[in-house]
Number of protein chains: 2
Amino acid sequence: MAGIEGDDSATTSGSTLGYALLSLLTRGPATGYQLTQQVKAPLGHFWTARHSQIYPELARLSAAGWVDSVEQAGPGPRAKKTYAVTAAGLTALRAWLVIPPTAQPRSEITLKAYAATSADPVAMAALYTDLAERSTRLLAEYEQDASRMRAAGQDDPGNPRFGNYAVLMMGVESQRVVHRWALWLASCLRTGRPVPYGEPPG
Amino acid sequence: MAGIEGDDSATTSGSTLGYALLSLLTRGPATGYQLTQQVKAPLGHFWTARHSQIYPELARLSAAGWVDSVEQAGPGPRAKKTYAVTAAGLTALRAWLVIPPTAQPRSEITLKAYAATSADPVAMAALYTDLAERSTRLLAEYEQDASRMRAAGQDDPGNPRFGNYAVLMMGVESQRVVHRWALWLASCLRTGRPVPYGEPPG
DNA sequence: CCGCTCTATGTAACTTCTGACATGTCAACT
DNA sequence: AGTTGACATGTCAGAAGTTACATAGAGCGG
């Protein structure tokens, strides 16, 4: 009765990273190492985490009873642990999902654009031309992923991996925007005069 | 000769926030309070900072010799300080600007989409419908700002405030993307079946 | 005259995130 | 036989960022 250690199951409120890990684990059980890999794509296009952040967070989730783990004697000096979401974890995730997000996006490329006129226009134009090229490569990559997903039926909201497709679609759209915007900006900086937005530059 | 305190002007490397503040100060001298206001728009659409972060950072920039300050006896118990970029600060900013940025963007709305199928489809669809509505409002607001800026000649790369316009254009494009994507996602979740991306939903 | 908001600057505690350190197995390649 | 890379888990120091606390004048509305 005297609950010294047992009464935090309802009170515990997780961090965003915690919910991100729970989301990944809804795809199936995984080790910390696997989560570190899985957070790279497609989630990694909009959310990243290092292993040094993931392992402690998994321990916290475990302490909160939101994940279970089984140990399996791994290769290194420590046991390998495979984690799975618990019913409590899934409930917590569901509750968090429907809260309207407030966090502002943060973009370093846009920050640099804010001060673009303080630097050498030629160097800055080159920077944004490179960025446009990179976005072209990424776009091709993402679109290939997308058609593979469609072939696998992951564009169906009934598919448990539909979220991967939804994130990827945001990635595709974002890269298109970056491409257009970077070319426009480079064009402005190179010509030194106003360029209407959205025109394909010659 | 024995430089105990004078040899850090070239070595000092700033934080991203420091460069953001230098960028703001290229528009003209400002107090920490004014910088806190100015970081809200349009830079704030892609980069935010609270005053509790700005004041200590200004002290660091001042210590590095990247900004100067003059005191003016302010309203509160402390003197009001107006900061201005120094030549060293401008040099540092220029050097930082041409380094290709690596930081990945971070988006909570996209993270939630990754786990969309774990929550109640109706509630999630409502979330993204609300998001689409918000982006409509923001888009209208940003476009109004943009046409005001064009009227003021800020779409000219020769204008020192051109960076404001460049950031705003990214804001406009981003909100358009969020709008389309959120409506698509809501449509997927409501109908429960694949919806081709980019179709205006009925 | 009381309270509210805006101006204005700072500190302190806390959470989050990064980068480096630390360890060790196993398979493939050279 | 030696090296590289993938697998696998952790810690620690420090940077970056958030939330709350603290102070105080000036102007305005009630």
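Proteins come first, then strands; the chains are lettered A, B, ... in the order of their sequence lines, and each starts at number 1. Values reported hereafter were calculated over all heavy atoms of this structure, with side chains retained and with hydrogens, waters and symmetry mates removed.
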**Prompt:** Less than 4.5 Å apart, any side-chain heavy atom of B:W184 and any of B:P196?
**Reply:** no

**Request:** Mark up nucleotides 13-19 of chain D, 5' to 3', with B wherever a protein heavy atom is under 4.0 angstrom from a base atom, S wherever such an atom reaches only the sugar-phosphate, and - elsewhere.
**Result:** ---SSBB

**Message:** For residues 45-71 of chain A, which residue pairs pass the salt bridge (charged side-chain N to carboxylate O under 4.0 Å, His left out) check, not counting sequence neighbours?
**Reply:** A:E57-A:R60

**Prompt:** Can you tell me if the side-chain N/O atoms of A:T31 get under 4.0 Å from OP1 or OP2 in D:dT9?
**Reply:** yes

**Message:** So A:P101 and B:K112, do their side chains get closer than 4.5 Å, heavy atoms only?
**Reply:** yes

**Message:** Counting the atoms with a prime plus P, OP1 and OP2 as sugar-phosphate, which does B:G74 contact under 4.0 Å by heavy atoms, base, sugar-phosphate, or nothing?
**Reply:** nothing

**Request:** Would you kindly give the CD-to-C1' distance between B:Q34 and C:dG10, to the nearest whole Å?
**Result:** 17 Å

**Prompt:** OP1, OP2 of C:dT9 versus side-chain N and O of B:Y55: anything below 4.0 Å?
**Reply:** yes

**Prompt:** Of all residues at least two apart in sequence or in a different chain, which pass the side chain to side chain contact (heavy atoms under 4.5 Å, CB included) check with A:Y142?
**Reply:** A:H45, A:L138, A:L168, A:V172, A:Q175

**Message:** What does the B/S/- profile of nucleotides 1-7 of chain C look like, 5' to 3', with a 4.0 Å heavy-atom cutoff to protein?
**Reply:** -----SB

**Message:** So does A:L183 get a backbone contact from the side chain of A:S187, meaning a donor-acceptor N/O pair under 3.5 Å?
**Reply:** no

**Asked** Between atom CD in B:E71 and atom P in C:dT9, what is the gap in whole Å?
**Response** 10 Å

**Asked** With sequence neighbours left out, what residues match A:S62 under side chain to side chain donor-acceptor pair (under 3.5 Å)?
**Response** none

**Request:** Using side chain to side chain contact (heavy atoms under 4.5 Å, CB included) as the criterion, list what pairs up with A:E133, not counting sequence neighbours.
**Result:** A:T129

**Prompt:** In whole Å, what is the span from the CG atom of A:L21 to the P atom of D:dT9?
**Reply:** 13 Å

**Item:** Length of the NE2-P vector between B:H51 and C:dG10, whole Å
**Value:** 10 Å

**Item:** Candidate pair B:T16 and A:E108, rule side chain to side chain donor-acceptor pair (under 3.5 Å), full reasoning
**Value:** CA-CA 8 Å; B:T16 307; A:E108 202 181 331; 4.9 Å; no

**Prompt:** Across the strands shown, which category fits B:A59 at heavy-atom distances under 4.0 angstrom: base, sugar-phosphate, nothing?
**Reply:** nothing

**Request:** Examine the side chains of A:S118 and B:R94 and answer whether a donor and an acceptor come within less than 3.5 Å of each other.
**Result:** no

**Fill in**
Here the distance between atom C1' of D:dC21 and atom CZ of B:R78, to the nearest Å, is 12 Å

